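Everything below concerns the one structure shown next.
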Amino acid sequence: MQTNVLIIGASGGIATALTEQLLNDESIAHLVTVSRSAVPSQAAKHRHVIINSQNEDEIKAFVQEQKGQYKFHRVICCTGILHAQAEPVLKPEKRLEDMRPEQFIEYFKVNTVVPALWIKHAIHLVDKAHSSIVVFSARVGSISENALGGWYGYRSSKAALNMIVKTAAVEYARRSANTVLICYHPGTVDTDLSKPFQANVKPEKLFTPAFTASQLLKHTANLSPEASPYYLDWDGKTINW
Ligand SMILES: NC(=O)c1ccc[n+]([C@@H]2O[C@H](COP(=O)([O-])OP(=O)(O)OC[C@H]3O[C@@H](n4cnc5c(N)ncnc54)[C@H](OP(=O)(O)O)[C@@H]3O)[C@@H](O)[C@H]2O)c1
């Protein structure tokens, strides 16, 4: 079967690897990538659209433009932020005193609101016969598995994203019953996002974006809609919410 895929946040490390693998996959008929910046279009089946997903009007315009065209079998939202040097500066909190309102707001804008907006509008984009929506969560977003503490803003923005997905899954079950929703933890991946935090990661636990992309494509294919939503790690194992 020929399928169509939409990747959001396409300039990132994991998204770039996903794009490369999907372009080499002959079963993909259309690959659309979305990013705030340009991504070279590498094949006839690839279309890139510049969208700042923090502006909902730009998402709406994309959905409008897509109307009457093909539907997507996979929507993968790769947006996320952990640290930033430019304003607003982001540095994961180590202690209570590090919590800052402006940092919380930025984490929630990028890690929670952007994927939530895409989940909102994807109801008009997905193939209702068979499709999946993957958002990148993180294991640190698990409320029940939080033993280490710290990273208040990043953790809570991912936990909130998990709740958005849990809640949306109830509505998708009514409105698009064959669409599977997945919160995905890729492991620690060698991208800009994890660079400042790689020192204590064992080499065998620091994954390449290529490995991460192939694990995701493998583990998120053919999941049963009845058990949606899923919270999965890089190895296909369930994480407790
Ligand atoms: N790398 C890891 O070890 C790791 C571990 C656990 C979870 N994750 C999650 O996996 C996902 C992908 O991460 P990655 O490692 O590929 O990170 P990355 O290379 O830093 O890419 C992150 C993407 O997020 C988008 N983004 C960043 N800041 C944004 C902003 N202010 N407004 C809107 N979009 C923004 C960008 O999309 P544009 O293309 O639009 O610029 C960028 O492509 C993230 O959600 C991350 O939290 C990663």
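The analysis underlying the following values was restricted to heavy atoms, covering all of them including side chains, and did not include hydrogens, waters or symmetry mates. Each ligand, and each atom within it, is numbered from 1 in the order the structure gives. What you see is a predicted model; the values in this text were computed from it and never measured.
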Test item: Arg155 side-chain N/O and Gly149 main-chain N/O as donor-acceptor pair under 3.5 Å = yes
So, Asp190 side chain and Leu206 main chain: donor-acceptor pair closer than 3.5 Å or not?
-> no
Can you confirm whether the side chains of [X] and [Y] place a donor and an acceptor under 3.5 Å from each other?
X	Y	answer
Ser157	Thr112	no
His73	Asp127	yes
Ser142	Asn240	no
Glu56	His121	yes
Thr33	His48	yes
Arg36	Ser53	no

Taking [atom] as the point of reference, which of [options] owns the nearest heavy atom?
atom	options	answer
atom 15 (O) of ligand 1	Ile8, Thr188, Asp192, Thr191	Thr191
atom 24 (O) of ligand 1	Ser137, Gly80, Gly141	Gly80
atom 5 (C) of ligand 1	Gly187, Ala213, Ala138	Gly187
atom 47 (O) of ligand 1	Phe207, Phe136, Tyr154, Tyr107	Tyr154
atom 11 (C) of ligand 1	Cys78, Gly13, Pro186, Ala86	Cys78

So, Arg100 and Glu93, do they make that salt bridge, N to O below 4.0 Å?
-> no
Are any of the side-chain nitrogens in Asp98 or Lys91 under 4.0 Å away from the carboxylate oxygens of its partner?
-> no
For atom 40 (O) of ligand 1, closest protein heavy-atom neighbour = Arg36 N, 2.9 Å
For [X], the ligand 1 atoms whose distance to one of its heavy atoms is below 4.0 Å:
X	result
Ser194	3 (O)
Leu193	1 (N), 2 (C), 4 (C), 15 (O), 17 (O), 20 (O), 46 (C), 47 (O), 48 (C)
Ile81	28 (N)
Ser11	38 (P), 39 (O), 41 (O), 43 (O)
Glu106	31 (N)
Gly9	37 (O), 38 (P), 39 (O), 40 (O), 43 (O)

Residue portion contacting ligand 1 (non-hydrogen atoms closer than 4.0 Å) for [X]:
X	value
Val189	both
Ile14	both
Phe197	neither
Ala10	backbone
Lys109	neither

Is there at least one pair of N or O atoms, one from [X] and one from ligand 1, spaced under 3.5 Å apart?
X	value
Gln54	yes
Gly12	yes
Lys158	yes
Ser35	yes

Is the Trp151-Tyr107 ring centre distance short of 6.0 angstrom?
-> no
Please find out if less than 6.0 Å separates the ring center of Phe72 from that of Tyr70.
-> yes
Can you check whether Leu181 reaches Tyr172 side chain to side chain, under 4.5 Å on heavy atoms?
-> yes
